[in-house]
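First the structure, in the form of structure tokens, and then the observations on it.
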Amino acid sequence: MSNQEECIALWRASAYEAVPYTSDFVEALLTLPEILDGAVGQGGATVVEIRVDLDPDTGRGVIRVDDNGCGLKNVTRFLKWAAAKSTDSMHRNGHGMKKCMTKWEKDYSRAKWWVLYRKRNRDLTRIEGPFLGTDTKQEEVEGDDTLLMPSGTQWGMEFDISVLGASSQVPQLVRNLKEIILTRYSEEIIQRIEFSIEVSSPSHSIHVNSREGDWHSFQTAVEMEVELGNIRMVRNTVVQIPGGHWTYMSYRITADGRLPYPLKQLFPTYGEKNMKCSRAHISVEGRMIEAIPVAKLHGKENHNSLNGCIEFINFVPDCPENFDKMPSPCTTKVSFYENDEVFKAFKVAYLQLQRQPEI
């Protein structure tokens, strides 16, 4: 098998690998944080800009993510389909960016994508498809001293609008992108990085900005509802584990679910008072991996006693070297490996906590 044939096979396998929680968001959006993680983590960015241009007449679109970080930090790692070793909690599997690309365009032969990056005081470099591993086309862009200055990364891709499903309308896509950012990242990250989203079509354009809009993480929004009397905290504890600890905060929505309280309006996917939104949002170092149904953690069907329950669990290593002692996410960082020993131990400890009296 030639190198290209192998890459085509890998692309196709990734494109058709099932992603959980597609009832929350479509696969393309669920995997988009894989692109953002580079800027949020090793990239050290303070600004991340998402731009989506939709052309309903052709059925095609272009998505672009720009950041002002340090540039693509490990080019060799990016040009491998997967890495043998994790480097940190944001880069667990080594092929997140490629995984995301296969979900935006499943057909390898039609995949038009590029990565531009500039390291400080260096020329702009362009990497573009088709993906061929270390043989993927790379070239310096001479004479450009304006784009991604003084350093940064741009990822871009063409796609068929059908991959967005019901999210293909401009207002809905903006809402979904915003909710994904605010649920995937902690308040510390939201306040450290300025996020902006712009979605345009020939007839409609919307631009939102985290600084101008005073954005807050989902967990912080829940805590604000506690102050308003719409939610109460029922558990708050810390559990020590080898190499670190995990925090556990559990809340119950006490407001009438039929009323338009702020959380319900800001977070339509996760903020309503119903069993679909009764989730435990489980993070590693402030990056939410899985919003697992609380009933599933309890080993129950959708039991009405858990209606309006919102929980936050965050795994924190004692030092960077111990991040691999935290539970391991699946390749898409949308869920955890069910057979991961750390995650299995967590579920046992979680059920033990449920036997303790509420606050």
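Any value given below was found using the heavy atoms of this structure, including those in side chains, with hydrogens, waters and symmetry copies removed. Counting from 1, the numbers follow the sequence of the chain as shown.
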Can you tell me if [X] has over 12 outside heavy atoms packed within less than 6.0 Å of its [atom1]?
| X | atom1 | value |
| --- | --- | --- |
| Arg12 | CZ | no |
| Gln169 | CD | no |
| Lys137 | NZ | no |

Can you confirm whether [X] sits close enough to [Y] that some side-chain heavy atom of one is under 4.5 Å from a side-chain heavy atom of the other?
| X | Y | answer |
| --- | --- | --- |
| Ile206 | Pro171 | yes |
| Leu173 | Leu177 | yes |
| Leu228 | Met224 | no |
| Asn121 | Pro150 | no |
| Ile359 | Val234 | no |
| Phe336 | Ile282 | yes |
| Ile35 | Trp104 | no |
| Gln138 | Glu128 | no |

Pair [X], [Y]: side-chain N/O donor-acceptor within cut-off below 3.5 Å:
| X | Y | result |
| --- | --- | --- |
| Ser210 | Glu194 | no |
| Asn68 | Thr46 | yes |
| Tyr350 | Glu311 | yes |
| Glu179 | Thr269 | yes |
| Ser151 | Lys119 | no |
| Glu187 | Thr220 | yes |
| Asn314 | Thr247 | no |

Treating Ile, Leu, Val, Met, Phe, Trp and Tyr as nodes and any side-chain heavy-atom pair under 4.5 angstrom as an edge, say whether [X] and [Y] lie in one connected cluster.
| X | Y | result |
| --- | --- | --- |
| Leu351 | Leu353 | yes |
| Ile241 | Val316 | no |
| Met149 | Val65 | no |
| Tyr251 | Met288 | no |
| Phe195 | Val47 | no |

Who clusters with Tyr16? Use side-chain heavy atoms, under 4.5 angstrom, across I, L, V, M, F, W and Y, and order the result by chain and number. none
In the hydrophobic cluster built from side-chain contacts under 4.5 Å, what are the other members alongside Leu147? Val62, Trp114, Leu116, Leu124, Val141, Leu148
By ring pair (Phe, Tyr, Trp, His ring centres under 6.0 Å) - contacts of [X] (at least two apart):
| X | result |
| --- | --- |
| His216 | none |
| Tyr108 | Trp11 |
| Tyr21 | none |

Answer yes or no: is there an ion pair linking [X] with [Y], defined by an N-O contact shorter than 4.0 Å?
| X | Y | answer |
| --- | --- | --- |
| Arg287 | Asp37 | yes |
| Arg126 | Glu139 | no |
| Lys106 | Glu27 | yes |
| Lys264 | Glu225 | no |
| Arg118 | Asp145 | no |
| Arg122 | Glu140 | no |
| Glu358 | Arg232 | yes |

Check against salt bridge (charged side-chain N to carboxylate O under 4.0 Å, His left out), Arg279 and Asp24: CA-CA 12 Å; Arg279 307 287 187 92; Asp24 294 348; 2.6 Å; yes
Chi angles and distances behind the side chain to side chain contact (heavy atoms under 4.5 Å, CB included) call for Leu182, Ser217: CA-CA 5 Å; Leu182 297 183; Ser217 71; 5.6 Å; no
Apply salt bridge (charged side-chain N to carboxylate O under 4.0 Å, His left out) to Arg110 and list each qualifying residue two or more places apart in sequence or on a separate chain. none
Check side-chain contact (heavy atoms from CB on, under 4.5 Å) between [X] and all other residues, then give those that pass, not counting sequence neighbours.
| X | result |
| --- | --- |
| Ile161 | Leu54, Phe159, Ser168 |
| Lys112 | Glu158 |
| Leu259 | Asp256 |
| Asn322 | Pro317, Asp318, Cys319, Lys325 |

Qualifying ring pair (Phe, Tyr, Trp, His ring centres under 6.0 Å) pairs, either residue in residues 121-147, two or more places apart: Trp81-Phe131
Give me each pair satisfying ring pair (Phe, Tyr, Trp, His ring centres under 6.0 Å) with a member in residues 270-291, each pair once, sequence neighbours excluded. Phe218-His281, Tyr270-His281, His281-Phe312
Roughly how far, to the nearest 0.5 Å, is CE of Met233 from OG of Ser250? 8.5 Å
Determine whether the aromatic ring centres of Tyr337 and Phe343 lie less than 6.0 Å apart. no
Could you walk me through whether Lys99 and Ser14 pass the side chain to side chain donor-acceptor pair (under 3.5 Å) test, one step at a time? CA-CA 6 Å; Lys99 168 65 71 176; Ser14 176; 3.1 Å; yes
So which heavy atom on Glu105 is nearest to which on Asp160, and how close? OE1-N, 4.5 Å
Over 60° means perpendicular and under 30° means parallel, so classify the ring planes of Trp246 and Phe315, tilted if in between. tilted
Determine, step by step, whether Glu34 and Lys333 satisfy the salt bridge (charged side-chain N to carboxylate O under 4.0 Å, His left out) criterion, reporting the C-alpha distance in whole Å, the side-chain angles of both residues, the deciding distance to 0.1 Å, and the verdict. CA-CA 8 Å; Glu34 294 283 3; Lys333 291 212 289 284; 2.9 Å; yes
